[in-house]
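Below you'll find the structure, written out as structure tokens, and then a few comments.
Each chain gets a letter, A, B and so on, in the order the sequences are listed, and its residues count up from 1. Here the structure is a predicted model, which means the values were calculated and not measured.
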Amino acid sequence: MSTLLSIADIRKSYGALEVLKGVTLDVAEGETFAIIGPNGAGKTTLFRVMTGEAPCNAGTVRYAGRDVTRAPAFERVRLGMGRTFQVARIFPDFTVEENVIVAVEARRSSRGDAAAPRWFQTRPRADVRAEAMEQLERVGLADKAASDARFLSHGDKKRLEFAIALAGRPKILMLDEPTAGMSPADRMATAELIRRLRGESGLTVVMTEHDMDVIFGLANRIFVMNHGEPIACGTLDEIRANPTVQEVYLGKEMYGAEG
Amino acid sequence: MKPIHFLAIAAALVVLASLPVWANQGVTFIVGLALVEAVFALSWNLLFGFTGMASFGHAAFFAIGGYLCGAGLRYATGVPFLALLGGAGALGALTAFLVGLVALRRSSGIHFAILTLALSEVLRVLIAYSTALGREDGLSAIPRPAVNLGVARLDLTSGQSYYWFLLVASALLAWVLWLVAKGPLGRVLQTIRQDPERAAFMGVDVWRYRLGAFTLSGAVAAVSGALYAPWAQIITPDSAHWIHSTQPMLASLLGGAQSFWGPVIGTILFTAINYATRTLIGLSEIVIGVVLLVIVLSAPSGVMGLLRRFESRRNRPAAAAGGGARVRAATVPTPAGEA
Ligand SMILES: Nc1ncnc2c1ncn2[C@@H]1O[C@H](COP(=O)(O)OP(=O)(O)OP(=O)(O)O)[C@@H](O)[C@H]1O
Ligand SMILES: [Mg+2]
């Protein structure tokens, strides 16, 4: 398997606070890579640097063989990155369907698709709408297509954002806590959805998550960080057996309740 | 388009087109000014209500177009009128593009607002110092043109014929803006207004779209100024004054910035208030102030928001009775822009 995303020695400070203190990792094509760590470890900040939402102070981000460290977010998206936010961001003034329609149209026009919308055709093309509905069915929101997005529940907003990200047909999907704030049933459904997508299209997934059941059910490899520093990286069993990890992370959150 | 909307637009066009026949010259003149201001307000609201950018110096574009056209008609009598209109649009677009290159680099919020305001005031002062442009007095006695259409020659020197030309031109400009705002471009612009970062993560080059929207808006504002000059037959530095820049803002606020036709409704209401209170000096300001206050406090999405709320109540009485949650978005106050 070839490396799709690779970051080297990433450093990032917010003012005097150094949040990432030299993070290096590689994500192979087709794998599901989980980044875990306690609250404030710097996971979201790492996501921001990898996706281009925020610049880093030092280090490099390479994607599909290119150096994208300085590339703005929209260029990385055009190269095949897709993402969701820790707190779902959708377009509240649009209906659920419109949210996905704009994402489909954005993909088509930014990739010079022949079926890109023309400026004077005010209605979305029929095939764009069909594609949007297909994505909504995938995430189980088809019955809410006509409702205003602002009135969705928190979990539904996350699913809608998922559909927006998928509408970009990403090669790599970056999910910042995809199941946060969801009911246990919704969590399992989302995990199932990710598993299915991965199977269907060989999607590469990078995700952070606090729910260990979701992580253990999905991840091929796990990257553990604390205070902006990597602690360990490896398969599920390797991580479980790692004494440092048990101490700083799993020790507290996983086994704490038992002992 | 819903039948009722189509009917409303058709009725408005019939009333406007027949106006010179049944209304007196004074009223026709005021309605002509309102047409120009309505297009000007639409151009501003493409930025504010759709893209989420507030230009506080939009009158500068109006003045650029107005002076170009006014000076052209007075001094360059050989240049066809349609070329002057086109030239005004091109100059407005170019100015907006250059200003946007600088002003939109870093932000589009308050910096953009202040920068556009400052530049428009600079322009106004420059115009007021320019002898060729008539200094403080402006350019007066601007002749109304004739338009050569190849097959026919339209003589617009009479007030009536120019009024009809103005109506057709305004309707065309509104139609183009409507296509942009309601089509795929407008949808992208609206994603930028709602959440530019989320838009970027769909692959949208936010900066380019903002620059494009500003360029188009500047072009249309300049054309509205160019249409104004031969109608009023005078253009003064006041056309670039910041008070004129507030006109489209107030109209959009009153009519509803989230709706495409909101600025037009707002302009109509302002014109009506001004006309109804024309004999009592100062009264129009008071009435406009009170109306704005009432609208801002009771209907943050403007008159169009009220109408839409009314419409969805009638269409879905059960939903309205069962709580506001299913009534359309217009009932919920949202900040339309960043600034
Ligand atoms: N914009 C910001 N400005 C200043 N400090 C920030 C900013 N964003 C995050 N931080 C700080 O950086 C550190 C890392 O935050 P980050 O959000 O990356 O952690 P996280 O691992 O995603 O945590 P969580 O599990 O709670 O989501 C925290 O101490 C946080 O307070
Ligand atoms: Mg986080």
- Query: Can you name the closest pair of heavy atoms from A:S110 and B:G203 and give their distance?
  - Reply: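 It is CB-O, 3.7 Å.
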
- Closest contact, heavy atoms only, B:R198 versus A:R89: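 Heavy-atom minimum between the residues: CD-O, 3.0 Å.
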
[atom1] of [X]: more than 12 outside heavy atoms within 6.0 angstrom?
X	atom1	result
A:R129	CZ	no
B:R208	CZ	no
B:L297	CG	yes

- Query: Yes or no on side chain to side chain contact (heavy atoms under 4.5 Å, CB included) for A:D93 and B:Q190, after CA distance, side-chain angles and deciding distance?
  - Reply: CA-CA 9 Å; A:D93 294 349; B:Q190 288 180 72; 5.9 Å; no

- Query: Who wins among B:D205, B:L179, B:D195 for the most heavy-atom pairs under 4.5 Å with chain A?
  - Reply: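 Option with the greatest count: B:D205.
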
- Task: Mind ranking B:V204, B:L185, B:V180, B:V176 by heavy-atom pairs under 4.5 Å with chain A and telling me who comes out on top?
- Result: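 It is B:V204.
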
Heavy-atom cut-off 4.5 Å, strictly under: side chain, backbone, both or neither for [X] against chain B?
X	value
A:I101	side chain
A:E75	neither
A:P124	both

- Query: When only pairs under 4.5 Å are counted, which of A:A149, A:A73, A:A167, A:G82 shares the most heavy-atom pairs with chain B?
  - Reply: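 The answer is A:A73.
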
- Item | Top contributor to chain B interface from A:T122, A:I90, A:I164 [non-hydrogen pairs under 4.5 Å] |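 Max contact count across the listed options: A:T122.
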
Would you mind reporting whether [Y] and [X] have side-chain heavy atoms less than 4.5 Å apart?
X	Y	answer
B:V188	A:V102	no
A:M81	B:F201	no
B:T191	A:F91	yes

- Query: Between A:E105 and B:R187, is there a side-chain N and carboxylate O pair less than 4.0 Å apart?
  - Reply: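 Yes, this pair counts.
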
- Query: Are the side chain of A:R78 and the backbone of B:M202 linked by a donor-acceptor contact shorter than 3.5 Å?
  - Reply: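 Checking the backbone N and O of B:M202 against the side chain of A:R78, no donor-acceptor pair under 3.5 Å is found.
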
